[in-house]
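Read through the structure below, which is laid out as structure tokens, and then see the notes.
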Amino acid sequence: MIDDDDDGKVSENIVGPGSPLDVQATAKSAGRVRITIRSLDGAVLRTIVDQDVGVGETVRETWDGKNTSASALSAGIYVLHIETPGVVK
């Protein structure tokens, strides 16, 4: 899935076990940016980013494939959920 609207860009990512995923989001307005990894039923498995940012600020982080308890997640499908001021993807 690629979404090229004015709110930003989200691309499909396929990550193998042990492969890190680089994630970034740019805020169009000042506010809180949250990036989480979720299960298909919506449960938050790990919060990658949760911080306030200024207009146009980009946050970057790498997900190591682990949950909040630092345990490696099993192979499967996970949802990368990005919230920036005024936008949720």
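Below, each value reflects all heavy atoms present in this structure, side chains not excepted, and no hydrogens, waters or symmetry copies. Since we're looking at a predicted model, the values are computed, not measured.
Note that the OG1 atom of Thr36 and the CG atom of Asp50 stand 9.5 Å from one another [nearest 0.5 Å]. Atoms OG1 and CZ, from Thr84 and Arg34 in turn, are 11.5 Å apart once rounded to the nearest 0.5 Å. With values rounded to the nearest 0.5 angstrom, Asp22 atom CG is found 12.5 Å from Trp63 atom CH2. With rounding to the nearest 0.5 angstrom, the CD1 atom of Ile37 is 11.0 Å from the NE2 atom of His81.
A search for side-chain hydrogen bond (donor to acceptor under 3.5 Å, both in side chains) contacts involving Thr58 returns Thr26, not counting sequence neighbours. Residues that satisfy the salt bridge (charged side-chain N to carboxylate O under 4.0 Å, His left out) test with Asp52, not counting sequence neighbours, are Arg32. Here Ser29 pairs with nothing under the side-chain hydrogen bond (donor to acceptor under 3.5 Å, both in side chains) rule; sequence neighbours left out. Partners of Ser39 according to the side-chain hydrogen bond (donor to acceptor under 3.5 Å, both in side chains) rule, which considers only residues two or more places apart in sequence or in another chain, are Asp41.
Using a 4.5 Å heavy-atom threshold, the side chains of Val23 and Thr62 count as separate. The shortest distance between side-chain heavy atoms of Gln51 and Val59 falls below 4.5 Å.
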Output side-chain donor-acceptor pairs under 3.5 Å for residues 69-77, partner residues at least two apart or in another chain, one line each.
none

Identify all side-chain donor-acceptor contacts of residues 42-49 below 3.5 Å with residues at least two apart in sequence or on another chain.
from	atom 1	to	atom 2	distance (Å)
Arg46	NH1	Asp64	OD1	2.7
Arg46	NH1	Lys66	O	3.1

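Between Ala27 and Val33, the shortest heavy-atom distance links the atoms CB-CG2, 4.4 Å.
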